[in-house]
Amino acid sequence: MTLDFVGNLRRTHDCGELRKQNAGQSVLLMGWLDRSRDHGSLIFLELRDRGGLTQVVFNRDRNAAVHARAAELSREFVVAVRGTVLERTPENVNPKLPTGEIEVAAEELFVLNDAKTPPFTIDDETALTAEETRLRFRYLDLRRPRMQRNIALRHKLALAVRQYMNAQGFYEIETPFMTRSTPEGARDYLVPSRVNQGSFYALPQSPQIFKQILMISGFDKYFQIVRCFRDEDFRADRQAEFTQIDVEMSFPQRETIYGVMEGLVTKLVHEAGYAEPHRPFPHFSYDDVMRRYGIDKPDLRLPAMATVNDCFAAGDLDKLKFSAEHALLAFRVPKCGDLSRKEREELQAFATERNARALVDIRIGAEGPEGSLAKSYPDAVKNIVEATGAESGDLIALCGAPAGAAVKRHDYSTHVAAGAVRLHAGQKYSAKHGLLNPEDFRFLWVTDFPMYEWNEEEKRWDAMHHPFTSPHEQDMDKLESDPGAVRALAYDMVLNGTELGSGSIRIHRQDVQARIFRSLGMTDEEARQRFGFFLDALQYGTPPHGGIALGFDRIVMLLAQETSLRDVIPFPKTARAVDLMTDAPTPVSETQLRDLGIGLRKTEKK
RNA sequence: GGGGACGUAGUUCAGUUGGUUAGAACGCUGCCCUGUCACGGCAGAGGCCGCGGGUUCGAGUCCCGUCGUCCCCGCCA
């Protein structure tokens with residue numbers, strides 16, 4: 001097919017904006033041919049661009065030459081159409097399209113480009129193609145309305161972040177991508193230096209040190225929508241490169257930061273078109289969430305767990321083969337009283353796989369609790385029903401450690417196993433009853449994380465958050481004597497079972513920072529070698545400061561009601577960190593390597 | 001690093017106990033059609049059953065390995 005030049009053609013509208021008020025106007029649309037319906041002497045084309053779809057009609061009686069050309073087009077051809085907007089007769093209105101009350105009667109047709117038949121249909125109705133194909137042909141996948149909508153939402157939210165943070169007095173300040181290895185826990189992506197052979201830049205896992213330096217520099221309130229890089233294994237909610245809303249401020253209390261961030265995410269929920277969440281967000285200590293939910297990022301849409309050891313008489317737990325030395329947790333599985341014996345046993349097996357013991361037996365019928373436990377231990381079950389707040393139609397699961405399990409101090413393992421059963425039951429069964437409504441945004445703060453966690457492999461204490469996190473002022477005297485009991489001024493923002501971000505009040509005194517480094521098993525020499533510049537900076541009048549970083553991709557994902565980060569990132573990588581469109585990463589030429597002073601080790605194939 | 005699922009036409013899938021020529025729908029090609037809107041009708045083309053090996057008279061189907069995608073554990077403040 002011969003193609004037309006663009007010439008002086010100018011688009012007058014996009015394909016989503018014409019309404020019956022435009023009837024009679026002469027318009028020029030440009031876009032992709034979405035689908036066509038050819039009736040012989042009458043042809044309907046749907047023209048698509050970012051704005052939407054508009055139906056264009058070609059009538060042989062009116063313009064035979066233009067009609068004949070339209071019959072030659074196929075999917076994804078890029079065309080320009082000049083025509084007149086016609087109001088459709090009532091029986092011809094298409095209520096599914098925003099532009100369904102009009103159509104454009106074509107008078108001129110310009111074929112700007114042809115197109116190969118795409119490997120999959122560009123729409124949201126056809127069964128979704130394997131993700132591998134979608135990623136290989138990402139430019140086509142991104143044309144789909146759903147992806148267009150997701151990327152548009154991402155833009156809208158990024159804009160809202162900038163407007164809000166600006167209104168709150170924050171400056172957006174950039175920090176380098178090529179920097180030095182940072183103290184965070186993940187592996188770094190490295191960039192070799194040509195000018196300084198044998199040395200490497202590290203891509204930032206976060207701009208942590210730079211934003212603290214900016215506070216020392218007196219910028220007071222900083223934010224940045226910034227790319228971060230971590231070379232770890234990926235998941236549906238983890239990518240090699242991801243975007244954070246990074247925030248730091250001087251002279252804050254923790255509550256100052258909570259307030260700013262609650263205002264921000266509330267605005268984002270609103271921008272995405274949902275009902276605003278309740279404020280202030282509830283606060284739970286780390287100990288609270290671990291005991292009540294068995295996880296540090298609880299989904300509040302599902303009921304909490306209750307500790308019910310006291311509901312049973314002495315000796316009962318032994319008979320039920322539960323350890324009386326460990327917590328016995330009970331939780332209700334809403335509206336799942338009708339689960340089959342097989343389904344309930346599946347939940348019990350799920351607990352067994354996690355070295356826990358579950359009894360999923362109590363069902364609340366119209367007359368009260370049913371099941372063998374309710375018959376054998378009526379008083380205990382009555383108390384459990386009360387403790388869990390179970391209602392008619394619910395199922396109650398009991399989860400604890402099996403009799404004879406070893407007892408450890410500071411150990412949430414029973415809670416964690418029970419929490420996993422709670423979540424599994426909720427996702428597998430309660431979700432059917434609408435309990436995990438994706439438009440119900442239940443934010444919370446998790447506070448008072450332990451400062452340290454014991455690293456069994458290295459036999460030392462590691463910083464749970466990062467080594468710049470300030471301990472509680474009243475726990476300072478335990479830094480050396482009882483590190484496990486020191487609480488950090490750290491906090492996570494959690495939404496519906498997803499960790500949106502974490503932050504802390506930082507250490508602003510050089511003497512405290514040195515103590516923390518020592519408590520982490522770092523000698524003064526090592527600390528000086530790795531963070532000398534930062535320790536120096538701390539000595540020149542560092543204000544108290546603190547901040548947080550939120551995962552922007554995760555926020556967009558939840559607000560777009562997607563379940564994979566890949567659906568809100570234009571060009572994501574696979575689980576093996578490969579970009580299927582560009583095939584990155586690739587080997588490089590010997591010349592490039594020589595310039596960098598790099599030789600590759602021979603990898604041994606087994 | 002470990003566990004699991006999947007891999008058959010361009011796409012989404014079916015494929016019986018291992019048995020003749022591997023099917024369907026959508027898409028694609030050609031013809032017909034003046035009110036469709038996931039248009040319709042008729043005809044047609046299209047397959048390295050991911051790849052390699054093995055078992056077998058015979059493998060899409062069974063076994064081993066390998067590659068790829070996805071999910072989970074570990075890991076990731």
Side-chain angles (χ1 to χ4, degrees), chain A residues 34-47 53-62 67 71 74-76 86 88-97 99-100 103 105 116-137 140 182-188 205-206 208 228-240 242 244 296 350 353-354 416 420 423-424 427 449-453 457 462-469 488 490-492 499 501-504 506 520 548-549 551 563-564 566 573-576 578 580 605-606:
Chain A
D34 190 72
R35 56 167 57 89
S36 57
R37 294 175 285 277
D38 185 343
H39 291 234
S41 53
L42 199 61
I43 298 172
F44 300 97
L45 298 186
E46 281 182 34
L47 208 54
L53 293 167
T54 297
Q55 173 164 287
V56 181
V57 200
F58 294 81
N59 193 324
R60 187 187 281 150
D61 294 344
R62 293 203 178 172
H67 171 274
S74 47
R75 272 169 198 271
E76 302 308 316
L86 301 180
R88 298 200 202 182
T89 57
E91 68 274 18
N92 280 329
V93 165
N94 181 356
K96 291 182 198 161
L97 286 183
T99 60
E103 61 192 358
K116 287 174 69 173
T117 302
F120 50 86
T121 312
I122 315 295
D123 64 16
D124 291 335
E125 285 88 32
T126 312
L128 205 51
T129 302
E131 193 157 7
E132 193 176 344
T133 311
R134 292 176 53 199
L135 290 174
R136 189 153 278 133
F137 296 91
L140 297 178
T182 42
E184 333 263 349
R187 273 183 288 269
D188 288 319
Q205 296 177 32
S206 76
Q208 185 61 35
C228 302
F229 308 85
R230 291 177 194 174
D231 186 5
E232 294 293 342
D233 289 342
F234 309 119
R235 289 286 162 66
D237 63 349
R238 294 184 342 214
Q239 277 274 311
F242 61 99
Q244 284 190 340
D296 62 0
F350 187 88
E353 283 167 26
R354 282 152 185 78
V416 168
L423 200 57
H424 178 70
Q427 288 172 346
F449 281 83
M451 183 78 185
Y452 302 96
E453 59 189 342
E457 267 173 44
D462 282 347
M464 194 161 178
H465 188 58
H466 56 54
F468 309 115
T469 299
Y491 34 82
D492 277 7
E499 181 197 317
S502 54
S504 62
R506 325 297 183 188
L520 292 167
I548 191 168
T563 54
S564 168
R566 294 184 298 276
K573 291 174 179 53
T574 68
R576 290 184 62 252
V578 171
L580 291 176
K605 275 262 173 180
K606 54 183 171 179

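In the text below, chain A, chain B and the rest are named by the order of the sequence lines, each starting its count at 1.
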Looking at [X], does any N or O in its side chain come under 4.0 Å of the phosphate oxygens OP1/OP2 on [N]?
X	N	result
Arg88(A)	G35(B)	no
Lys96(A)	A38(B)	yes
Arg35(A)	C39(B)	yes
Arg37(A)	U36(B)	no
Arg238(A)	C70(B)	no

Regarding [X], tell me which of base, sugar-phosphate or nothing describes its non-hydrogen contacts under 4.0 Å with the strands shown.
X	value
Phe120(A)	nothing
Glu131(A)	sugar-phosphate
Asp492(A)	nothing
Glu103(A)	base
Ala463(A)	nothing
Arg566(A)	sugar-phosphate
Leu128(A)	sugar-phosphate
Ala490(A)	nothing

Checklist entry - When the distance from CZ of Phe350(A) to P of C72(B) is rounded to whole Å, what number comes out? => result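 Value for this atom pair: 12 Å.
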
Checklist entry - Between Gln244(A) (CD) and C76(B) (P), how many Å, whole number? => result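 From Gln244(A) CD to C76(B) P: 16 Å.
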
Which protein N or O atoms sit under 3.5 Å from an N or O of nucleotides 22-31 of chain B?
from, atom 1, to, atom 2, distance (Å)
C28(B), OP1, Arg75(A), NE, 3.2

Next on the checklist: Under the rule for side chain to side chain donor-acceptor pair (under 3.5 Å), what residues qualify as partners of His39(A), not counting sequence neighbours?
Outcome noted: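 Applying side chain to side chain donor-acceptor pair (under 3.5 Å) to His39(A) gives none.
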
Next on the checklist: Tell me every residue that passes side chain to side chain donor-acceptor pair (under 3.5 Å) with Glu499(A), counting only those two or more places apart in sequence or in another chain.
Outcome noted: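 Scan of Glu499(A) (side chain to side chain donor-acceptor pair (under 3.5 Å), adjacent residues dropped) gives none.
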
Checklist entry - So which one's nearest nucleotide on RNA chain B is more toward 5', Leu86(A) or Asp123(A)? => result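 Mapping each residue to its closest nucleotide by heavy atoms, the 5'-most match is Leu86(A).
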
Next on the checklist: For Glu125(A), give me all partners under side-chain contact (heavy atoms from CB on, under 4.5 Å), at least two apart in sequence or on another chain.
Outcome noted: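 Arg35(A), Asp123(A).
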
Checklist entry - Mind checking what makes salt bridge (Lys or Arg N to Asp or Glu O under 4.0 Å) contact with Arg88(A), not counting sequence neighbours? => result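 Partners of Arg88(A) by the salt bridge (Lys or Arg N to Asp or Glu O under 4.0 Å) criterion come out as none, since no residue qualifies.
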
Item to check | Nearest-Å distance once atom C1' is located in both C71(B) and C32(B) | outcome: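 Pairwise C1' distance, C71(B) against C32(B), rounds to 49 Å.
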
Checklist entry - With rounding to whole Å, what would you report as the distance between C13(B) and U56(B) at their C1' atoms? => result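 Pairwise C1' distance, C13(B) against U56(B), rounds to 29 Å.
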
Are there any protein N/O atoms within less than 3.5 Å of an N/O atom in nucleotides 1-8 of chain B, and if so, which ones and at what distance?
none

Item to check | Counter-base of G68(B), judged by Watson-Crick or G-U geometry with both distances under 3.5 Å | outcome: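 In the structure as shown, G68(B) has C6(B) as its Watson-Crick or wobble partner.
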
Checklist entry - Among side-chain atoms of Asp188(A) and Gln205(A), is any donor-acceptor pair under 3.5 angstrom? => result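 Asp188(A) vs Gln205(A): donor-acceptor pair found between side chains.
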
